[in-house]
Amino acid sequence: MRFDIITIFPKMFAPVLNESMVKRAQEKKKVKIYVHDLRDHTKDKHRKVDDRPFGGGPGMVMTVQPMVDAIKKVKGRRKVRVLLLSPTGKPLTQQKVKKLAKCKNLILVCGHYEGIDERVVSESIDESISIGDYVLTGGEIPAMVLVDCITRLVPGVLGTAKSLDEESFEQGMSEYPHYTRPADFRGKKVPNVLLSGNHFAIKKWRKEQALNRTKKYRPDLLKKNKE
Ligand code: 4HQ
């Protein structure tokens, strides 16, 4: 899997993507991540990437030329899917992550200000993705979210690969509560069933716990599973 990220804040990425699992995935050559500075594709001496919106209104809009030229250059002759991170994009779900993980090459375009000129979207973007219904200052954190959740699905990245069964279970149902040693932390005890050694009882308890949590915090997920 190869990711190419186009951004005006290239320095934001290394601290996040060069740690933990994503770092190890890069070391194992399972993923390659290239970060490109949008300003390297400008043609004026001020390296300008934005301008005032036609029709008026607040804020600035990212201009067409640096974006379309950057995307074209980064693409080269490869078969690539070009994604824009945008609050009006398709909501990111685990199902969507699984589909994207099948791609070999992804370009992630990070917008700023009020957004990007619509002609970039129609000319150069295959799909817009939103990581949730809230407004961020830019597409960089959403791009990192995408790299993170796709990378963990690349074969050979996760140490103990969870079965697809377990994953679909988790999706419909929030996880069960986890405990580790000590069995008694300052009077707070681990539920007895987990110390019982009765694997059938443990499985049943975890399922009930997960279901209760889902009912309480994510009833929408239960409805979704029935559909
Ligand atoms: N933004 N999911 C505005 C987001 C966002 C989101 C990125 C803020 C794009 C122009 N992106 N810029 N939510 O809020 O992806």
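Just so it is clear, the values below take in all heavy atoms, side chains as well, and ignore hydrogens, waters and symmetry mates. Remember, it's 1-based here, ligands and their atoms both numbered in the order they're listed.
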Query raised in the report: Does Ile116 reach ligand 1, in the sense of a heavy atom lying below 4.0 Å from it?
Result: no
Requested in this report: First locate atom CD of Gln94, then atom NZ of Lys98, and finally report the distance between them rounded to the nearest 0.5 Å.
Outcome: 6.0 Å
Query raised in the report: Any chance CD of Glu127 has more than 12 other-residue heavy atoms, nucleotides or ligands included, within less than 6.0 Å?
Result: yes
Query raised in the report: Any side-chain heavy-atom pair from Lys189 and Leu195 closer than 4.5 angstrom?
Result: no
Query - Tyr134 N/O to ligand 1 N/O under 3.5 Å - result: yes
**Report entry** From CG (Asp44) to CD (Gln65), nearest 0.5 Å
**Finding:** 8.0 Å
**Report entry** More than 12 heavy atoms of other groups within 6.0 Å of Glu27 CD
**Finding:** yes
Report summary line: Of all protein heavy atoms, the one nearest atom 12 (N) of ligand 1 is Gly111 O, 4.0 Å
Report task. Using a 4.0 Å heavy-atom threshold (strictly under), name the region of Ser86 that reaches ligand 1: side chain, backbone, both or neither. Result -> backbone
Query raised in the report: Between Pro142 and ligand 1, which residue portion shows a heavy-atom distance shorter than 4.0 Å: side chain, backbone, both, or neither?
Result: side chain
Report summary line: Within 4.0 Å of some non-hydrogen atom of Gly132, the atoms of ligand 1 are 13 (N)
Query - Residue part near ligand 1, for Asp133, under 4.0 Å between non-hydrogen atoms - result: neither
**Report entry** Heavy atom of the protein closest to atom 4 (C) of ligand 1 (residue, atom name, distance)
**Finding:** Pro87 CD, 3.5 Å
Report task. Take atom CZ of Arg2 as the centre, draw a 6.0 Å sphere, and report whether it contains more than 12 heavy atoms from other residues, nucleotides or ligands. Result -> yes
Query raised in the report: Which ligand 1 atoms, with their elements, are less than 4.0 angstrom from a heavy-atom of Tyr113?
Result: 10 (C)
Query raised in the report: From Arg206 CZ over to Leu194 CG, what is the distance, rounded to the nearest 0.5 angstrom?
Result: 6.0 Å
Query - ligand 1 to Ile131 polar contact by distance, N or O atoms, under 3.5 Å - result: yes
**Report entry** For Gly139, the ligand 1 atoms whose distance to one of its heavy atoms is below 4.0 Å
**Finding:** 7 (C)
Report summary line: Looking only at protein heavy atoms, what sits closest to atom 9 (C) of ligand 1 is Leu85 O, 3.6 Å
Requested in this report: Measure the shortest side-chain to side-chain distance between Tyr113 and Ile8 over non-hydrogen atoms and say whether it is less than 4.5 angstrom.
Outcome: yes
Query raised in the report: When you check the gap from the basic side-chain N to the acidic O, do Arg119 and Asp117 get nearer than 4.0 Å?
Result: yes
Query - Atoms in ligand 1 flagged as close to Gly138, the criterion being non-hydrogen separation under 4.0 Å - result: 7 (C)
Query - Ile129: numbered ligand 1 atoms lying under 4.0 Å from its heavy atoms - result: 15 (O)
Report summary line: Atoms of ligand 1 under 4.0 Å from any heavy atom of Val135, numbered from 1 in the order shown, are 14 (O)
Query raised in the report: Which protein heavy atom lies closest to atom 8 (C) of ligand 1, and at what distance to 0.1 Å?
Result: Leu136 O, 3.0 Å
Query raised in the report: Going by atom types only, do Asp4 and His36 share a side-chain donor-acceptor pair under 3.5 Å?
Result: yes
